[in-house]
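Letters A, B, ... mirror the listed sequences (proteins, then strands); counts begin at 1. Here the structure is a predicted model, which is why all the values come from computation and not from measurement.
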2 protein chains.
Amino acid sequence: MKQPKLKGKAPTMHDVARLAGVSQPTVSRVLNQNDTSVQISEETRYRVHQAVEALGYRPNVIARSLRTQRTQTIALMIADISNAFYHPIARAVQDIARQFDYEVLISNSDHVYEHEKHFCEIVLRRGVDGAILVPIRLTGDDLDEYMSQTHIPFVVLGHHFYHPHVDVVYMDDERATYETTRWLISERGHTCIGYIGVPDILPPGPRRLRGFHRALVDCGLTADPRFILESDFTMEGGRRIAHQLIQQREIPSALMVANDLMAIGLILALQDAGYHIPEDVAIVGFDNIPEATVVRPTLTTIAQNPRDLGEKLAHALFERIENPELTERRLFESSYQLIVRNSA
Amino acid sequence: MKQPKLKGKAPTMHDVARLAGVSQPTVSRVLNQNDTSVQISEETRYRVHQAVEALGYRPNVIARSLRTQRTQTIALMIADISNAFYHPIARAVQDIARQFDYEVLISNSDHVYEHEKHFCEIVLRRGVDGAILVPIRLTGDDLDEYMSQTHIPFVVLGHHFYHPHVDVVYMDDERATYETTRWLISERGHTCIGYIGVPDILPPGPRRLRGFHRALVDCGLTADPRFILESDFTMEGGRRIAHQLIQQREIPSALMVANDLMAIGLILALQDAGYHIPEDVAIVGFDNIPEATVVRPTLTTIAQNPRDLGEKLAHALFERIENPELTERRLFESSYQLIVRNSA
DNA sequence: TTGTATGCGTTATCAT
DNA sequence: ATGATAACGCATACAA
């Protein structure tokens, strides 16, 4: 009983048909009774189900896909599944996909152009029914080339991306940075504010910096170039910036930091050097990662909602999968929230 | 030029063949020249490649899969991709898969039995070439039923799982807890040690508790039942335990905590109540999550290496995919490391 | 070296 | 209500 049937080939519809004493297409009809236009007698329906049970028959998804040109699969490309910003996105997409009975193929691009192109290649070769991307290096023209070869919908995360037939989900981080900087000025009374950014190559880089600058200008302040710095996304990068500031012997009264990891690195390093947060320097991060509630003082930060981003992406995609007539680009904004804690 | 070819059907080998003036199988041969047994003239090889270029031909993976019974896809089931323990595993598996030119289908089980079974169902229906699982509710017998229907290899994470033909990768958390508890006793001089565990349903629950108890016994100590508690994996769960301990008005001098999130919750709540860590209570966690370096005092913890677990799982699987003659169960241990920081 | 014929397991279009 | 038959796109055994 441990090995009910020999590990031969898996049973097919033919096997079921033979056992049930019907033809193979009839088995198909019984099993896909969603098609109500066809009537099937209770008798055969019963016999088929019996045979299915007896053989432990399972439909072969591949054969079905070849025939129907649908795979019940979507593809998702993110930068890195083990990054705290991306994995809630992936999780949300998977959850929505499960509701639609779809599987998800996930690929990490690591911001590498070749990987991003390879992903599109896979999408075409494997005939998935739709794709969600977070393109960093890929341009609208790149995607256009791939899209010209297929009918399937693409949906993208990121305001910076433009293609006339690709839905975009985004978070307005320029405005988030703008409003938060103004908040530092009007609500917290800061007049000397620094900004620690991320490299310009990454889409959020220039946008967040722009929001920061606009806020200063609109409030009649000017940016001190010594306090406009850039680092690499990591806690260690934040520490390096801290040391740099400390060596300059002059420090702004507040710092907008373009991501939480750097912000936390800054806090820890500044504290090690004897500074008090937020008395000596107020610090605002960006992302609201789990560590933000653990660091002391707890980190004031701009919360994106990656789970929401993922849900919006998936919903947009499935809407298009189910309504191929949709073509015009649609824009979906995901909100942000300033989480005021104790670091600013 | 923006739409080089009309979005008709994608070109097939037939189209390539026609354009190149050869037969379709010849195209197939040219494109899969791995088969060195067949010689092809430079002339046709050239013409075929020309035609491929001209048409923008891409092989149809589905059709190939139907024919070859291989999908170049593996499936991975974890509890939750957005859990810090699992996503490095997923990342590692994906990285190895990329080396083999495989795609990865990822599914979240959330410890739900139905999801775990559904995953196996998907594995069979979609004909993936292998599967990696972290089974929580699934038993060896369950898996045996599925395995009897297929030839593909399964590889599993977790010591608790047994099936004669399934490789297991594990981390010996019983020993880890045992040795760390002994370390608290012999190196740190504690004699009154509490243990905060996770529910017994989860495989690590009983194992870690057992390691703890063994250590006490081997050192001639006895466990105080008031200090053997259990909570739910979260920081909030840790806080609740802290309040419970505080209300008891008596607290052990050290606490082994079965995961970092709870340990951090404990630290923060105890500090809020005026306790000093590690002077009043030493605390050791389990997992070495990123937050462990951010909390003050930094958390002493038992580091698993999920990336390594993922790599071992993937390597085991691909070894089996490439050597189907392998059958006997193999065991792979992933090491752990006590990371001594400042909380104990 | 290349072409013909066949089949992988379905779904879909005809008949009946 | 059901059965033949074809087709999806490819790889392979066999023939030439």
Return the value, rounded to whole Å, for the distance between atom CD of B:Glu42 and atom P of C:dT1.
-> 11 Å

Using modelled atom types only, decide if a donor and an acceptor are shared between the side chain of A:Thr73 and the backbone of A:Thr71 within a distance under 3.5 Å.
-> yes

Take B:Arg47 and B:Glu43 through the salt bridge (Lys or Arg N to Asp or Glu O under 4.0 Å) test and state the conclusion after the steps.
-> CA-CA 6 Å; B:Arg47 295 225 308 276; B:Glu43 165 68 8; 2.7 Å; yes

So A:Phe318 and A:Tyr102, would you call those rings parallel, tilted or perpendicular, with 30° and 60° as cut-offs?
-> perpendicular

Does the B:Asn32 side chain pair with the main chain of B:Arg29, one donor and one acceptor, at a distance under 3.5 Å?
-> no

Through what angle, rounded to 10 degrees, does the axis of the helix from C:dT1-D:dA16 to C:dT16-D:dA1 turn between its ends, using five pairs per end?
-> 40°

In terms of heavy-atom contacts, does OH of A:Tyr162 have more than 12 from other residues, nucleotides or ligands at under 6.0 Å?
-> yes

To the nearest Å, how far apart are A:Arg126 CZ and D:dG9 P?
-> 17 Å

Here the distance between atom C1' of D:dT12 and atom CG of B:Leu31, to the nearest Å, is 15 Å

Report yes or no: do B:Asn108 and B:His115 form a side-chain donor-acceptor pair below 3.5 Å?
-> no

Length of the line joining B:Tyr46:OH and C:dT2:C1', which is rounded to integer Å | 20 Å

Can you check the B:Arg18 CZ to D:dG9 C1' distance for me, whole Å?
-> 14 Å

How would you label the contact of A:Val61 with the nucleic acid (heavy atoms, under 4.0 Å): base, sugar-phosphate, or nothing?
-> nothing

Going 5' to 3' along nucleotides 5-10 of chain C, which nucleotides have protein heavy atoms under 4.0 Å from the base (write B), which only from the sugar-phosphate (write S), and which from neither (write -)?
-> B-BBBB

Using the six-membered ring wherever Trp is involved, compare the ring planes of A:His159 and A:Tyr170 and label them parallel, tilted or perpendicular (cut-offs 30° and 60°).
-> parallel

Grab the CD-P distance between A:Gln39 and D:dG3 for me, whole Å please.
-> 16 Å

Nucleotide D:dG9, atom P - distance to CZ of B:Arg29 in whole Å | 20 Å

For B:Thr26 and C:dG3, is the shortest distance between a side-chain N/O and OP1 or OP2 below 4.0 Å?
-> yes

Any pair counted as salt bridge (charged side-chain N to carboxylate O under 4.0 Å, His left out), so long as it reaches residues 61-71 of chain A, sequence neighbours left out = none

May I ask you to say what A:Ser65 touches in the nucleic acid, namely base, sugar-phosphate or nothing, with a heavy-atom cut-off under 4.0 Å?
-> nothing

Return the value, rounded to whole Å, for the distance between atom CZ of A:Arg47 and atom P of D:dA1.
-> 15 Å

Are any of the side-chain heavy atoms of A:Ile201 and A:Arg137 separated by less than 4.5 Å?
-> yes

